[in-house]
Amino acid sequence: PPQTPVRAAMNTIQQLMIILNSASDIPSDNLLFYFNNCTVNPHESIVKRVENMGIIFKNKFAEAVGQGCAEIGSQRYKIGVRLYYRVMESLLKSEEKRLSVHNFSKLLNNDVFHISLLACALELVMATYASRNASQNVNVETDLSFPWIINILDLKAFELYMIVESFIKAEPSLTREMIKHLECCEHKIMESLAWQSNSPLFELIKQSKDREGQADEPEPANY
Amino acid sequence: TQDYHFGLEEGEGISELFDCD
């Protein structure tokens, strides 16, 4: 039978639970294998970052929704972290296959990579639960919809944009609704958020122009 | 994922995107 919005939202949550049922709150053995293969082992910094981001997330969630919902925020964060570790492992496996590389020291010690991956996982969890509440007309959440998550984690919109496609590729079990939501976030970023004055996008554009040697040509008037 | 428009080119992955190749 055709899905009602409630059914669709519930299916998405169920799917998220199925995906994460077997996922772990801490790095898996496979992940530890990759960590140990790094020139600089990132294990400690990754776990510490998850802890620190957790404190920020829970405080901001409680601030936004109410102290009575602090435990809900805690649960959301926990689910997000499971998805973060699961997708990280899948990303590394595919990079290992693609590049025939086993030492991911630079990537795994890159702060922005981890925060954008965690933010993407948390955004998906937040959207999944928010859509359920919206379809049941339950107004529990104040506006925690995107870009709330990148604002509280102090992440640039374009930095999140860089991870979305790889995230979707790395997690084949995402539902249509989840993928649609991430695509919607991408559109919001490219339509406006990525063009804010402090966006790293401008530097990337400048670098690519420099690389193409266009810098020394006079810019055509229509620029 | 059939609805999603993948745009990364061959040889572009997370390592290149985060400048860690």
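Here is how names work: the chains are called A, B, and so on, in the same order as the sequence lines, proteins then strands, and each is numbered from 1. The figures here come from the full heavy-atom set of this structure, side chains too, leaving out hydrogens, waters and symmetry mates.
- A/L32 CG: more than 12 foreign heavy atoms inside a 6.0 Å radius.
- With a threshold of 4.5 angstrom between heavy atoms, A/T175 does not approach chain B through any atom at all.
- Shortest non-hydrogen contact noted between B/F18 and A/V112 is CE2-CG1, 3.8 Å.
- When all heavy atoms of B/S15 and A/E95 are compared, the pair lying nearest together is OG-OE2, 2.5 Å.
- A 6.0 Å sphere centred on CZ of A/F33 holds no more than 12 heavy atoms belonging to other residues, nucleotides or ligands.
- From A/K169, atom NZ reaches atom CD1 of B/I14 across 9.5 Å, with rounding to the nearest 0.5 Å.
- The contact list for residues 152-167 of chain A toward chain B, using heavy atoms and a distance under 4.5 Å, reads A/E159, A/M162, A/I163, A/V164, A/E165, A/S166 by residue number.
- Counted within 6.0 Å of CD on A/E51, heavy atoms from surrounding residues, nucleotides or ligands total more than 12; the atom is thus considered enclosed.
- Summarising the local packing, NZ of A/K60 is surrounded by 12 or fewer heavy atoms from other residues, nucleotides or ligands at distances under 6.0 Å.
- Looking at B/E16 and A/L99, their side chains come closer than 4.5 Å, going by heavy atoms from C-beta outward.
- A search for salt bridge (charged side-chain N to carboxylate O under 4.0 Å, His left out) contacts involving B/E9 returns nothing, not counting sequence neighbours.
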